[in-house]
Amino acid sequence: MTETRDYRPTVFLPKTDFPMKAGLPQKEPGILARWEEIGLYEKLRAAREGREKFILHDGPPYANGDMHIGHALNHVLKDTVVRTQSLLGKDAPYVPGWDCHGLPIEWKIEELYRKKKKNKNEVEPKEFRKECRDYAQKWVDVQREQLKRLGIGGRWDKPYLTMRPEAEGAIVAELHKFAETGQLYRGAKPVMWSPVEETALADAEVEYQDLTDSPQIDVAFEIVESPIEELVGAHAVIWTTTPWTIPVNQALAYGPDVSYWLVRANDGRDYLVAFKLVEDFLKRTGLNFRDSGDSIPNTDSELAAFVGKLHFKGSDLAGTVTRHPMHRLGGFYAKPRPLLPGDFVTTDSGTGIVHMAPDHGEDDFDLCRAHGIDPVFAVMGDGRYRDDWLWLGADDVDADGKERRRSVINKPFNSPEGPICSDLREAGALLSASADYAHSYPHSWRSKAKVVYRCTPQWFIAIDEKLGHIDGAPTLRGRAMEEIANTRFVPEKGRRRLSSMVEGRPDWLISRQRAWGVPLALFVHRESGELLVDPEANARIQQAIAAETVDAWEEARAAEFLGPDRNPDDYEMVTDILDVWFDSGSTHAFVLESDEWPELQSPADLYLEGSDQHRGWFQSSLLESCGTRGRAPYKAVLTHGFTMDAKGFKQSKSLGNTTDPNKVMEQFGADIIRLWALSVDFTEDHRIGDEILKGVGDTYRKLRNTFRYLLGALGDFDYDKEAVNFADMPELERYMLHRLSLLDANLRRAIDDFDFNEYVRALSEFTNEDLSAFFFDVRKDRLYCDDPKGLERRAYRTVLDILFQALIRYISPVLVYTAEEVWSTRFPDRDSIHLEELHVLPGEWPDEALATRFDALRELRETVTEAIEPLRREKTIRSGLEADIIVPESAVPAGFSDAELADLFITATVTRGQGDGVTVSRTSDHKCGRCWRLLPEVTEDGALCGRCDGVVAEMDANA
RNA sequence: GGGCCGGUAGCUCAGUUGGUUAGAGCGCACCCCUGAUAAGGGUGAGGUCGCAAGUUCAAAUCUUGCUCGGCCCA
């Protein structure tokens, strides 16, 4: 009789060439090449011309080394901000930049010299800087290619570099603004100084290492004068870990609120020591009480017995004067060493009396300056004492009787057997000396050598002077604080972090004694010591540097810069260079305000960097801009955390737990890294690792397959001929447009909040839950089997088209390559998805009443699938299509027919019953040979249902 | 050592001003489909909310201490 016909060719299956497997590592470079070929970035600029601008200003990464995961995260976030703003229709240009000057690069070049046994001092500064410049340029080029490969869109043909001569000239111009407005001063202040590199170091250039063999000594200073009679002739004891500072001791400090005790020791002397530290003191020195009856009081009553006896409050010590252990040498050492009150004195360690060397400590300097005691500048740049310094220890003499001048960080110099200690011991002043103290001590992060505090002439920007040139502004610090209050912070906690740093910071030390950087192009009058303030001279300097690079700043040209009315011999030319934070703090000036990038403007809408930049770029930019312009260079600041390894630990090369984004791109593709960066909570520290990347890959495949389905279902869709009006659509289609409207609002809010985690999550959940598991599944039958001319199938495809148009735009800032691949598959003749804007969705789509009914229906649907499950387990039925369902009448939302329910539940039939549970049984109907539904109208398995019969008949007729 | 920030299922994340049984997606296990097929659908098992005290009728949520991790600083 009737042989079973194979109806497969009559079913409208999705058809597309878009592959399920992505092959991103192979595919992405080709897509990137095409973008460059068509000039995508320029096309986008042209397309958005005249629109509202959104300026994200790029914080310059340092031009050294390959792109690492931190760069990748940072740039993906920046790119996503730019692309999402562009999706909203704004003109959002992106000009990337690099930080090129500074010690790390200089150090690299010096390292190369050392390998070649070449001495830096024998090389012309110009030649040396040229090598630094070439080195920086090399890494700029490397990083640029890596960032492009990541899919970061921007002005790659003209990035800003801090070493471009135009930038160097502009940075000098910014410095001159500070000079011309009186905010710049030269001060002698102890700064972190590396004797090895012979330069002052910024905080960021210093690292702390734990030492266990540092020297510690107790030194007695004889009291020669005091309002307290018992103290005269006694000894004040200081404790220090830096014996080398004793030669420049100038005073002692006590804590006004600290309690002191005069210890009558068994060596016959009386020692003044903080009460709380007596025990430690005796232990270190091996001394004991002179009278066996004395002991350290343990109880309050024992202590009370001492009060008024040999027990003093710190403030009582005012007016007490000691003399230096080496006072017999006369001169500097013969001067009195007064006891001064210092709030910084604690009783955590030592003796509660602190020796003051204003040359070598911040507290020391400040306290001494307040009492008219000046530093003596005895230690030179290489860490050695001046040749003419009177005393450094008698045995610091070589075999020929010639004095050896050792660096102060030299270990033997500071050792208990060293020259300082030996002489102190001989003078009877050394009460203890050992080399076993454990603490952390600052080292240069480049040379790993110890650094010291050293007083040197340095240039500072004053933080607490009134800003006379800016109307209504208080001090620089004050204005910066006001501007922090006016700035948006994402996340909000960044505000507190930045303000507490600005609140507590000292004046800005901007000078460095190095070669690779922008000069502090200033003249100082030799006689008056005054800074030359001459806008015309300054302009000549700026122009020369902008034209010829920093090489223009050389002695030979002093006359040219000073002009005909001044004698170059009268002026000292400053040869220091600027802190690189001043360079990058000025980017808003030489990038955002520059004519070279007319697409930019200032202030920027957003600065976006890692949370470490609260100390760095956010702050230097804020101070630079407030000092010169009286306002912040940004309207908003977004910070991200750091990327840890899979277990939440810091990534480091030495631990071998780093994830290299370049390798991830090779292995999985740039889109995977991008999706990862946007999936984690970047406002906090977050992790990366194999398992996490695998999960990201799963999310990616689901999104990709959703697009593959849409492409397949819409392969032959012709909007003009097929589209159905909203009003004519079935309710499910209208409900999906409601859901899309919600998603759209959600995503737009996420864009405004820079909440990309939410953005990706919302998008991913929508495709999983609303589309794949619900809408696509329910409408599968209609797509495959309905009459193509029928309203229902056309309505479905119309919504699929709407979904496609929306989703491809939503995903385009995230999966930049895949979005393009999808777009070009559907529209091979169009330029790029990345030129598109979000559509404004029709206001008629949201329908709360409809949504309430469908939301309830989906809940019922869950109950139904749950009820079907046991029958499938026992193999009574295989799929829901074989199930007859009875649902409680009361559980069904209004307005659904039984047939609609069967469609929505993907079951054979649905009827309503009175009970409160769902009943499931196997249907007795037969299976349609084409659509596989089990329906009463199908006479036998394999025969056709009415719908399929009609469709097949028409196809046959047209064949 | 100090300041600030964080610790919720295997993973990525939600959890309003303290208020039923702490949620989602993914993964995993099991099942179905074999006409989205290296895809699709379903069901299920996973949590002492870092630990310990405290406040409260009630704590993932508030307080304190500790611990682990991070950033910045010394």
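Note on naming: letters A, B, ... go to the chains in the order of the sequence lines (proteins, then strands), and numbering restarts at 1 for each one.
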Return whichever of Y7(A) or K875(A) has its heavy-atom-nearest nucleotide of RNA chain B closer to the 5' end.
K875(A)
Under a 4.0 Å heavy-atom criterion, the protein footprint on nucleotides 37-43 of chain B, written with B, S and -, is SSSSBBB
Side-chain ion pair, D755(A) and R761(A), N-O less than 4.0 Å
no
Can you tell me which stems RNA chain B forms, taking runs of 3 or more consecutive Watson-Crick or G-U pairs with both distances under 3.5 Å?
B:1-7 with B:67-73, B:10-13 with B:23-26, B:28-32 with B:40-44, B:50-54 with B:62-66
Once you apply a heavy-atom cut-off of 4.0 Å, does F12(A) come out as touching a base, just sugar-phosphate, or nothing?
nothing
Going by the rule ring pair (Phe, Tyr, Trp, His ring centres under 6.0 Å), which residues pair with W617(A) if we only count those two or more places apart in sequence or in a different chain?
H57(A), Y607(A)
Do D884(A) and S921(A) have side-chain N/O donor and acceptor atoms under 3.5 Å apart?
no
Please examine the side chains of C455(A) and W193(A), heavy atoms only from C-beta on, and report whether any two atoms are closer than 4.5 Å.
no
I692(A) has a side chain; which of U12(B), U34(B), C72(B) sits nearest to it?
U12(B)
Is any side-chain N of the basic residue among D698(A) and R701(A) closer than 4.0 Å to the acidic one's carboxylate O?
yes
Looking at every strand, decide which applies to W676(A) at a 4.0 Å heavy-atom threshold: base, sugar-phosphate, or nothing.
nothing
Report which part of the nucleic acid G648(A) touches: base, sugar-phosphate, or nothing (heavy-atom distance under 4.0 Å, all strands).
sugar-phosphate
Is the distance between the ring centroids of Y759(A) and Y810(A) less than 6.0 Å?
no
Identify the residue among R739(A), R793(A), R779(A) that makes a salt bridge (charged side-chain N to carboxylate O under 4.0 Å, His left out) with E733(A).
R779(A)
Would G46(B) be called syn or anti, given that syn covers angles within 90° of 0?
syn
Determine yes or no for a side-chain-to-main-chain donor-acceptor pair under 3.5 angstrom, with N657(A) supplying the side chain and K650(A) the backbone.
yes
Across the strands shown, which category fits Y709(A) at heavy-atom distances under 4.0 angstrom: base, sugar-phosphate, nothing?
base
Students often get this wrong, so: under 4.0 angstrom with heavy atoms, is E758(A) touching a base, only sugar-phosphate, or nothing?
nothing
